[in-house]
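Everything below concerns the one structure shown next.
Reckoned from all heavy atoms, side chains included, excluding hydrogens, waters and symmetry mates.
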Amino acid sequence: MIKPLFQRLVVAYNGSEASLHAVMYAVLMAKLYKCQVKVVYVVDTVTIKQLTLSKFMVKDEGDLIESNLVADGERNLSYVTKLASGKGIKVESELRKGAVWSELIKVANEYNANLILLGGKVSGNSSTPHRDVLSAHNSEVIASASCSVMVVREQYIEQLFKLA
C-alpha cells in the first residue's frame with residue numbers, strides 16, 4: 001500500500017493575509033487527508049541584529065522590537081490554533097527566533113514534514129507584483145527544503161474555509 005503523500009505539514013505564518021490563507025489551506029488539507037499540521041511563526045532576529053550592528057537603531061530599540069514581535073507571534077499563533085480548532089482540527093504551533101527561511105527548514109526537518117506551505121499573493125497586475133513579507137524568503141525555502149514546498153494562492157480559500 002502506498003503511504004499518503006501528505007502526512008505532516010509545516011505552515012509558515014507571519015500574520016499576513018497570504019500566510020493566513022496558507023494556514024486555512026493546511027486546515028482543509030488536514031480535514032480531507034487526516035494529516036498533522038504544525039504552524040510556525042519566526043521572529044526575524046537576524047535582521048534586528050543587523051540593524052543594531054549597522055547603528056540604524058540602538059540595542060534597547062532592537063530588544064523592544066524583538067519583544068513586541070514575540071508578543072505578536074504568540075497572539076497570532078493563538079489565533080490560528082483557535083481557528084483550526086473551530087474546524088475540529090488540532091494544530092501544533094511553534095514560535096522561533098532567527099533567520100526566517102533557515103528556521104522554517106529546521107522545523108520541517110525536525111517535524112519530518114512532507115510539505116511546507118507558504119503564503120503567496122495573486123497579483124492583479126503582472127507588471128507590479130505584490131510581495132508578502134514572507135515571500136522574500138520563499139526562494140530560500142524552496143531551494144533548501146528537503147521536502148516539497150507549496151505556495152498557496154487559492155483565491156477563494158476564505159469561502160472554502162467557511163464551507164468546510
Looking just at side-chain N and O atoms, do T81 and S78 make a donor-acceptor pair shorter than 3.5 Å?
no
Got a donor-acceptor contact below 3.5 angstrom from the K34 side chain to the K31 backbone?
yes
Polar side-chain atom of K38 near backbone of V91 as donor-acceptor pair, under 3.5 Å:
no
Can you tell whether the side chains of K97 and E103 come within less than 4.0 Å, N to carboxylate O?
no
What side-chain donor-acceptor pairs closer than 3.5 Å can you find for residues 67-75, not counting sequence neighbours?
unit_1	atom_1	unit_2	atom_2	d
S67	OG	D63	O	3.4
S67	OG	L64	O	2.9
N68	ND2	L64	O	3.4
D72	OD1	R75	NH2	2.2

No-hydrogen, no-angle side-chain donor-acceptor test under 3.5 Å, N109 and S146:
yes
Check for a donor-acceptor pair, side chain of R96 on one end and backbone N or O of L104 on the other, with a separation under 3.5 Å.
no
Measure from the side-chain N and O atoms of T47 to the backbone N and O of D44, and report whether any donor-acceptor pair falls under 3.5 Å.
no
Which of L77, V39, V10, V107 passes side chain to side chain contact (heavy atoms under 4.5 Å, CB included) with E94? Answer is V107
Run the side chain to side chain contact (heavy atoms under 4.5 Å, CB included) check on V27 and L83 step by step: do they pass?
CA-CA 9 Å; V27 169; L83 186 74; 6.0 Å; no
Would you say Y33 and M150 are hydrophobically clustered, going by side-chain heavy atoms of ILVMFWY under 4.5 Å?
yes
Strictly by modelled atom types, are E158 and H21 linked by a side-chain donor-acceptor pair under 3.5 Å?
yes
Backbone N/O of G15 and side chain of N76: donor-acceptor pair under 3.5 Å:
no
So, T45 side chain and G98 main chain: donor-acceptor pair closer than 3.5 Å or not?
yes
